[in-house]
Protein chains: 2
Amino acid sequence: MTDRTPLWQAIAATLRAEIETGHYRPGTRIPSEAALAARFGVNRHTVRHALADLAEAGLTHARRGAGVFVLARPTDYPLGRRVRFSQNLAAAGRSGTHRFTRLETRPCDAGEAEALALTQGDPVHLVEGLSLADDQPVALFRSVLPGRLEGFLEAARDRQSITAALAACGVADYTRASTRITAKLASATQGALLQLPQGAPILRSVAVNVDGGGRPVEYGRTWFAGDRVSLVVG
Amino acid sequence: MTDRTPLWQAIAATLRAEIETGHYRPGTRIPSEAALAARFGVNRHTVRHALADLAEAGLTHARRGAGVFVLARPTDYPLGRRVRFSQNLAAAGRSGTHRFTRLETRPCDAGEAEALALTQGDPVHLVEGLSLADDQPVALFRSVLPGRLEGFLEAARDRQSITAALAACGVADYTRASTRITAKLASATQGALLQLPQGAPILRSVAVNVDGGGRPVEYGRTWFAGDRVSLVVG
DNA sequence: GAGTATTTGTCCGTATGTATT
DNA sequence: TAATACATACGGACAAATACT
């Protein structure tokens with residue numbers, strides 16, 4: 001019985017298995033195209049065809065002059081009605097932390113006013129920061145909360161958690177009213193903060209969270225490193 | 001009472017309103033920075049600050065040497081447990097259609113086998129196509145379905161609908177088991193099909209749909225034009 | 001900083017088997 | 001059957017980015 005599966009598919013399957021069993025670990029380099037061609041006894045182009053398949057599936061990424069690297073499997077980031085950022089990464093088996101880079105109270109602009117059902121110029125609390133998974137930046141966030149929540153900023157600074165700070169302000173529970181997700185390209189500053197090249201793909205999510213009574217309590221925008229995160233729905 | 005809202009915010013709000021009321025239509029150019037500066041009686045840099053705000057919000061896009069253009073409002077694409085592609089765009093008040101570009105049955109590869117709980121080489125039906133909203137391409141999709149669904153391809157061709165074809169094969173209802181969303185850059189071919197430049201941001205969603213008994217019936221991958229679609233959760 | 005070797009990306013070509021017309 | 005198109009596989013050459021000395 002002749003084997004009719006193309007060579008490149010067989011090679012791709014072999015490499016895929018070796019990545020998934022951990023023989024080639026995330027972040028490490030796999031052998032060069034020339035080395036793989038020698039190992040499988042095929043032409044370099046045949047190896048390239050297989051590698052293209054892996055890259056298309058998001059398993060590897062080639063850097064010219066450097067080699068082909070195994071990508072970390074994107075951190076799953078569940079999106080549900082009752083999702084807390086800090087819990088997500090913990091659930092994914094990663095050490096998830098975040099750093100607040102800005103905490104202030106100021107008048108809101110038109111967009112923020114619309115999202116939070118306020119009128120322009122009303123005071124809002126602003127929290128900006130950076131989410132890290134295993135010490136690697138995965139997301140930038142900017143949360144805007146209505147100014148009626150007195151003492152929110154201090155609570156956020158002390159507890160280093162938006163959820164805990166909301167609880168301290170009497171908002172014990174809140175749910176995700178809606179989330180919009182679009183793809184953008186990283187700006188220079190976003191790229192610098194997320195340690196991505198400018199022009200790298202990022203996911204922008206815009207979410208409005210409401211309290212038990214349906215009143216908006218948080219207008220959050222988050223920019224995820226597109227290749228380090230996958231948002232999971234359902 | 002003195003007005004304490006910054007000039008640039010007032011200008012941004014004015015332009016935002018003019019875009020949203022349709023005074024400036026998607027795809028068209030808004031007046032030059034110099035013209036806007038003259039209109040509002042401010043320095044060009046103040047106008048630039050306002051325009052930067054609009055661009056950051058995804059309303060406009062500046063092209064050096066050409067001008068500032070109004071972007072089409074992204075089509076909202078709800079993601080729920082029981083979501084049908086064709087219904088989405090209709091619900092968004094747009095004329096949503098899709099064209100199938102490929103219909104065939106062939107042995108599955110390793111990744112498809114894992115997603116559908118099959119073994120590699122088992123026959124699967126493949127449906128590829130293009131989703132259009134108002135005659136503008138918004139998404140590419142590739143659905144893979146287990147080969148045990150006899151007559152699926154013919155049903156899909158006749159009815160031009162995956163949902164209807166599944167119903168014809170006895171799968172009356174199916175739900176979204178999980179969806180993963182990541183951001184990628186458009187490849188050359190994706191860009192050509194979606195009428196986007198290569199390197200434009202796209203959303204890749206990978207979904208597995210299951211029948212009532214929890215058996216996988218569809219492994220669908222969709223690539224959305226990142227700036228023409230926003231996925232809505234909740 | 002300069003120079004060299006390595007590695008991937010892209011192009012040229014050739015040949016063969018398979019499926020479609 | 002013949003012509004055509006397509007996928008697969010191999011070989012070579014050079015460019016571009018990177019790594020290393």
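Computation of the quantities below employed the complete heavy-atom set of this structure, encompassing side-chain atoms and omitting hydrogens, waters and symmetry-equivalent molecules.
For the OP1/OP2 pair of dC10(D) and a distance below 4.0 Å, the side-chain nitrogens and oxygens of T46(A) include at least one atom meeting the criterion. Taking 4.0 angstrom as the limit, R44(A) places none of its side-chain polar atoms (N or O) nearer than this to OP1 or OP2 of dC10(D).
Between T179(A) and V206(A) the shortest side-chain heavy-atom distance does not fall below 4.5 Å.
Distance CZ (R64(A)) to C1' (dC14(D)): 11 Å, rounded to an integer number of Å. Summarising the geometry, the separation between CZ on R48(A) and C1' on dC10(D) is reported as 14 Å, rounded to the nearest angstrom. Rounded to whole Å, atom P of dA7(D) lies 17 Å from atom CG of L7(A). With rounding to whole Å, F69(A) atom CZ is found 12 Å from dA17(D) atom C1'. The CG-P distance, from N43(A) to dT10(C), rounds to 17 Å in whole Å. The distance between atom CD of E104(B) and atom P of dT20(C), rounded to the nearest whole Å, is 10 Å.
For the atom pair CZ (R44(B)) and CD (E33(B)), the distance works out to 4.5 Å, reported to the nearest 0.5 Å. With values rounded to the nearest 0.5 angstrom, Y219(A) atom OH is found 11.5 Å from L126(A) atom CG. Here the CG atom belonging to L54(B) is positioned 11.0 Å from the NE2 atom belonging to H49(B), to the nearest 0.5 angstrom. To the nearest 0.5 Å, atom CG of residue L36(B) and atom CG of residue L51(B) are 6.0 Å apart.
For the segment residues 27-42 of chain A, the set of residues with a heavy atom within less than 4.0 Å of an atom of DNA chain D comprises V42(A), in numerical order.
No donor-acceptor contact under 3.5 Å links the side chain of H45(A) to the base of dG9(C).
Counting any heavy atom pair closer than 4.0 Å across all strands shown, R63(A) reaches sugar-phosphate atoms only and no base atom.
The main-chain N or O of T119(B) is found under 3.5 Å from a side-chain atom of D122(B) such that the two form a donor-acceptor pair.
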